There are 2 protein chains.
Amino acid sequence: MNKAALTRQAILRKSFEIIYRKGYQSTSIDEIIATMQVTKGAFFYHFKNKEEMGLSLIKEVMLPNMHAIFIEPLTATADPLSVIYEMINGLLSDIIFFDVRYGCPAMNLVEEMAPISESFCEQLNFLVKEWQIAIENCLEEGKKTGVVNLDTHVKQVALFITSGYAGIRNAGKIFGIEAYTCYLKELKRYLDQLR
Amino acid sequence: MNKAALTRQAILRKSFEIIYRKGYQSTSIDEIIATMQVTKGAFFYHFKNKEEMGLSLIKEVMLPNMHAIFIEPLTATADPLSVIYEMINGLLSDIIFFDVRYGCPAMNLVEEMAPISESFCEQLNFLVKEWQIAIENCLEEGKKTGVVNLDTHVKQVALFITSGYAGIRNAGKIFGIEAYTCYLKELKRYLDQLR
DNA sequence: TTCATAAGATACCAGTTAGTATGTTTGTGC
DNA sequence: GCACAAACATACTAACTGGTATCTTATGAA
């Protein structure tokens, strides 16, 4: 990768870090470039404005990362319901990419930007839908092998699970990690009941 | 109520309206006062700064309102699980206080402010906890009358439900009301399984 | 060496932000 | 009708916002 591409990626990574903690709108370009060895000229050389940077951030940083963390675990060959539980459990246990105080970067962006930006809404819709479809496929597979009850509505369940995840990330912000462990117990009960 | 108190309340109501649509940090005092016949002097006469206004907004507008919309329905005398379902159904069907694009005012504030303000976090913790406890009591009552399965962990379930609600409000922002109806079906299934 | 372009630095602008300083009106007890 | 404080109104500031215009340096082909 050449120097220009490295600079661009560095800006995106740093932006992601700060936006995760402060939100998109409250993160200023000045703050982003101040915390790294990059100037405003460089920033606007790589992105025509703040919005283009934000959208690039979703496409080039979040989508690949989320794919690895959210969808990859679902390709495991074990019992689908355990696989789904372990994916959520893994997400909530991850303290490298996530912080209980700041919730989930993707869901935070949905909350903040979906209502006020069509472009953000589209990108985030795509991101979350991809996750849901992966869960649906996982459940469908479980139906075939007889692990998942045949009258399970996979779309409904997938939405129920992803919504629950978004919600517990929200609750974690006010209740701390105890909320996570409490939630996981009930999630397990819920998933078992789909057998 | 005297004129001063009316002015104060008018500021809080208008602030609530705008903050619901734009978020707390992105709502400027200038915008609040510009959309009503009040000046900056009046604003800072009633509130020492923006934060005090925000906290007053939670205490004096949201807490009473939420109490009426979130907790009141739970005091119905019907089957507790139906009561809980109808409360969530009522919340998601309400298009007077809520808009699918903007989600839930309370959960939005949690998402935005809990991570960056201890004071907001405390207030919102209190608000959500009150709701959860009302659900717990409702379930406990159901246990007594034999409607709710005795090995149900009421705390777990209450957290699971409130989280799900917060999450579906989030999902609604990107998927629209179809997400609500889809979610409600699975919620019903989930609640029935607690019998 | 020349020179064109990519990549980045510096300084600045116009608009917006929360907050303040200082004024004016309005109500209320006496 | 006077005193005085509560309840506002007006005008301002200092800091910050996204974005631009202009300058400088590195790179690589001819």
Side-chain angles (χ1 to χ4, degrees), chain A residues 1-58 60-61 109 112-113 115-120 123, chain B residues 1-58 60-61 109 112-113 115-120 123:
Chain A
M1 202 181 315
N2 59 3
K3 201 190 167 199
L6 281 171
T7 304
R8 182 191 165 90
Q9 205 176 57
I11 293 174
L12 288 177
R13 280 176 193 278
K14 197 73 193 178
S15 299
F16 175 80
E17 265 180 49
I18 306 178
I19 289 173
Y20 176 41
R21 279 179 283 122
K22 302 190 46 172
Y24 173 81
Q25 293 177 96
S26 297
T27 298
S28 72
I29 297 171
D30 283 336
E31 183 174 355
I32 294 167
I33 62 175
T35 52
M36 53 191 302
Q37 65 283 34
V38 163
T39 61
K40 209 171 234 185
F43 183 95
F44 281 97
Y45 172 80
H46 288 288
F47 310 99
K48 88 167 197 279
N49 52 31
K50 192 187 177 185
E51 186 182 22
E52 190 187 281
M53 184 276 287
L55 295 172
S56 302
L57 191 151
I58 300 178
E60 297 169 36
V61 178
L109 263 191
E112 180 187 6
M113 298 307 292
I116 59 172
S117 164
E118 190 63 45
S119 314
F120 273 82
Q123 281 299 316
Chain B
M1 202 181 314
N2 59 3
K3 201 192 168 199
L6 281 170
T7 304
R8 180 190 166 91
Q9 205 175 56
I11 293 174
L12 288 178
R13 280 176 194 277
K14 197 74 193 178
S15 299
F16 175 79
E17 264 181 50
I18 306 177
I19 288 173
Y20 175 42
R21 279 180 284 124
K22 303 188 44 171
Y24 172 81
Q25 293 177 96
S26 297
T27 297
S28 71
I29 297 172
D30 282 336
E31 183 174 355
I32 294 168
I33 63 174
T35 52
M36 52 191 301
Q37 65 281 36
V38 163
T39 60
K40 210 169 234 186
F43 183 96
F44 280 97
Y45 172 78
H46 288 287
F47 310 99
K48 87 167 199 279
N49 53 30
K50 193 185 176 186
E51 186 183 21
E52 190 186 280
M53 185 276 286
L55 295 172
S56 302
L57 191 152
I58 301 178
E60 297 168 37
V61 177
L109 263 191
E112 180 186 6
M113 298 307 292
I116 59 172
S117 163
E118 189 64 45
S119 314
F120 273 83
Q123 282 298 316

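Chain A is the first sequence line, chain B the second, and so forth, proteins listed ahead of strands; every chain is numbered from 1. This is a predicted model, so every value here is computed, not measured.
Residue B/Gln25 contributes atom CD, which lies 14 Å from atom C1' of D/dC16 at whole-angstrom precision. For the pair A/Glu31 CD and D/dG18 P, the interatomic distance rounds to 10 Å; values are reported in whole Å. Straight-line distance from the CD1 atom of B/Ile33 to the P atom of C/dG19: 13 Å, rounded to whole Å. For the pair B/Asp30 CG and C/dG15 P, the computed distance is 15 Å after rounding to whole Å.
Across C/dT20, C/dT17, D/dT20, the shortest atom-to-atom separation from the side chain of A/Phe44 is found for D/dT20.
Atom CD of residue B/Gln123 and atom CE of residue B/Met113 lie 12.5 Å apart, to the nearest 0.5 angstrom.
B/Ser56 pairs by the side chain to side chain contact (heavy atoms under 4.5 Å, CB included) definition with B/Arg8, B/Leu12, B/Phe47, B/Glu52, B/Glu60, not counting sequence neighbours.
Sorted by first then second residue, the side chain to side chain donor-acceptor pair (under 3.5 Å) pairs that include residues 20-29 of chain A, not counting sequence neighbours, are A/Lys22-A/Glu31, A/Gln25-A/Glu112, A/Gln25-B/Ser26, A/Ser26-B/Gln25.
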Quiz item: Just by protein heavy atoms under 4.0 Å, how would nucleotides 3-9 of chain D read 5' to 3' in B, S and -?
Solution: ---SBSB
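Heavy atoms of B/Thr27 sit under 4.0 angstrom from primed sugar atoms or phosphate atoms, though from no base atom. Counting any heavy atom pair closer than 4.0 Å across all strands shown, B/Asn49 reaches sugar-phosphate atoms only and no base atom.
A/Met53 has its side chain within reach of A/Ile32: a pair of non-hydrogen atoms, C-beta onward, lies under 4.5 Å apart. Considering only heavy atoms from C-beta on, A/Asp30 comes within 4.5 Å of A/Lys40 through its side chain.
Residues A/Phe44 and A/Asn49 come closest through the heavy atom pair CE2-CA, 3.9 Å.
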